[in-house]
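Beneath this line is the structure, given in structure tokens, with notes to follow.
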2 protein chains.
Amino acid sequence: MRLQQSALKTPTRIPSDPLQRAWVALGRVSQSVQCRVEEALKHAGLPELSWYTVLWELERAGKPLRPKDLAIPLFIPPYQLSRLVDRMEAEGLVKRIQCKEDKRGHMLAPTAKGFTLRKEMWAVYAPAMEDAMKRIDDAEALKLAELLNKLGGIEHVNCGDKG
Amino acid sequence: MRLQQSALKTPTRIPSDPLQRAWVALGRVSQSVQCRVEEALKHAGLPELSWYTVLWELERAGKPLRPKDLAIPLFIPPYQLSRLVDRMEAEGLVKRIQCKEDKRGHMLAPTAKGFTLRKEMWAVYAPAMEDAMKRIDDAEALKLAELLNKLGGIEHVNCGDKG
DNA sequence: GAGGTTTGGTTGCGTTTGCAACAATCCGCG
DNA sequence: CGCGGATTGTTGCAAACGCAACCAAACCTC
């Protein structure tokens with residue numbers, strides 16, 4: 001009796017070539033593009049993107065947020081946020097506010113200085129982003145976003161003023 | 001005389017909404033997908049992806065490589081590669097070979113153990129990649145890869161056996 | 001309302017990163 | 001040849017990360 005081919009030669013399931021291509025491109029391109037923007041910020045003497053994102057999320061929410069409500073959308077583990085906030089608080093960019101309803105935690109709110117810094121960063125971030133992405137046009141960007149969101153199952157958020 | 005509008009109201013150039021969407025999606029999705037694969041490797045008690053990539057590039061090249069020839073395609077700074085190789089060498093996965101032509105540097109080659117490990121990793125990596133990417137089909141993956149490559153201007157490489 | 005579990009958040013500690021300085025070699029040019 | 005500059009790769013040190021342990025308050029159950 002013949003052995004079934006499928007049962008024999010599948011020691012590991014191998015992603016199709018298109019999937020592999022997409023995977024590789026995703027890793028490389030996102031890294032490359034991200035780096036370019038980080039570089040622009042650093043070159044301007046500004047903090048890294050994660051600081052921006054914290055400030056932006058707080059500003060966008062329009063009200064103080066619990067750390068956990070930031071950690072989820074930022075996709076970073078709580079201990080990382082905790083220390084990020086330590087640093088930002090030390091620079092006077094955000095403040096931890098005693099939380100009445102739940103005495104374990106606290107609320108995070110941007111300070112005036114934090115607000116200002118976010119704007120300064122956006123002034124560098126926005127053009128850098130545009131520059132890093134200039135090789136595709138709007139229609140392509142839309143299609144790209146659509147495919148990525150399908151891949152990741154994540155909904156839309158924007159990232160700065162007048163978006 | 002009237003001032004030109006364009007000269008007046010462009011304190012910062014703002015990326016179009018499609019561009020912003022693509023940017024955000026790129027960051028979030030790549031991180032999410034990457035994490036899932038790293039997690040699978042860690043869960044299997046295997047080293048992180050960068051180790052795989054070093055081993056794979058060496059194996060793919062089919063001959064010993066100079067560190068700089070690895071650092072470029074891996075898109076990591078030389079000092080990072082230097083330490084990565086330190087660790088991998090300490091585990092007996094690669095070896096540094098004295099280089100005749102250029103006594104500053106050396107060649108990197110995988111050991112038998114390194115070769116074996118790469119295969120073990122691929123057995124976990126491949127299904128994890130497939131799983132992380134399963135929400136899009138081949139046609140979409142191809143389109144995605146195409147758009148990403150246009151965005152980043154990077155050519156195709158695959159990432160494992162029988163690709 | 002006492003005791004166990006879950007949740008929210010921080011921290012100690014070892015590892016990894018990033019930068020800038022460094023060493024060693026190679027290359028080009030007078 | 002001999003010297004100045006470029007290339008290749010490493011390293012000391014400070015900052016950041018990742019894990020697991022931890023604390024404290026909240027919640028849940030009896």
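Lettering of chains follows the sequences in order, A, B, ..., and the numbering in each one begins at 1. Quick caveat: nothing in here was measured; it's all calculated off a predicted structure. Computation of the quantities below employed the complete heavy-atom set of this structure, encompassing side-chain atoms and omitting hydrogens, waters and symmetry-equivalent molecules.
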Check your understanding: So do Leu84(B) and Trp51(B) actually touch side chain to side chain, heavy atoms under 4.5 Å?
Key -> yes

Practice item. Run the numbers on Lys134(A) and Asp131(A) for salt bridge (charged side-chain N to carboxylate O under 4.0 Å, His left out), then give the verdict. Key: CA-CA 5 Å; Lys134(A) 69 175 171 228; Asp131(A) 188 63; 2.7 Å; yes

**Study point:** Exercise: do Tyr125(A) and Trp23(B) side chains pair donor with acceptor under 3.5 Å
**Key:** yes

Practice item. Kindly indicate whether the side chain of Arg96(A), heavy atoms from C-beta on, has any atom under 4.5 Å from the side chain of Val85(A). Key: yes

Practice item. Let me know the distance between CG of Leu84(A) and P of dG9(C), rounded to the nearest Å. Key: 14 Å

Point to revise | Earlier contact from the 5' end, DNA chain D, for Trp51(A) and Lys42(B) | key: Trp51(A)

Review point. Has Arg87(A) got a side-chain N or O lying under 4.0 Å from the OP1 or OP2 atom of dA15(D)?
Key: no

Check your understanding: Quick one: Leu49(A) CG to dA16(D) P, roughly how many Å, whole number?
Key -> 15 Å

Practice item. Grab the CE-C1' distance between Met88(B) and dT16(C) for me, whole Å please. Key: 15 Å

Check your understanding: With a 4.0 Å cut-off on heavy atoms, is Glu48(B) in touch with a base, just the backbone sugar-phosphate, or nothing at all?
Key -> nothing

Practice item. Do nucleotides 6-13 of chain D as a string where each nucleotide becomes B, S or -: B if the base has a protein heavy atom under 4.0 Å, S if just the sugar-phosphate does, - if no protein is that close. Key: -BSSBBBB

Check your understanding: Lys103(A) NZ to dC27(D) P: how many Å, rounded?
Key -> 12 Å

Check your understanding: Passes salt bridge (charged side-chain N to carboxylate O under 4.0 Å, His left out), Lys143(B) versus Glu140(B)? Steps please.
Key -> CA-CA 5 Å; Lys143(B) 182 68 180 167; Glu140(B) 290 166 330; over 6 Å; no

Point to revise | Any Trp56(B) side-chain heavy atom under 4.5 Å of Met121(B) side chain | key: no

Revision key, fill the gap. Gln98(A) CD to dA25(D) P, in whole Å, measures 10 Å

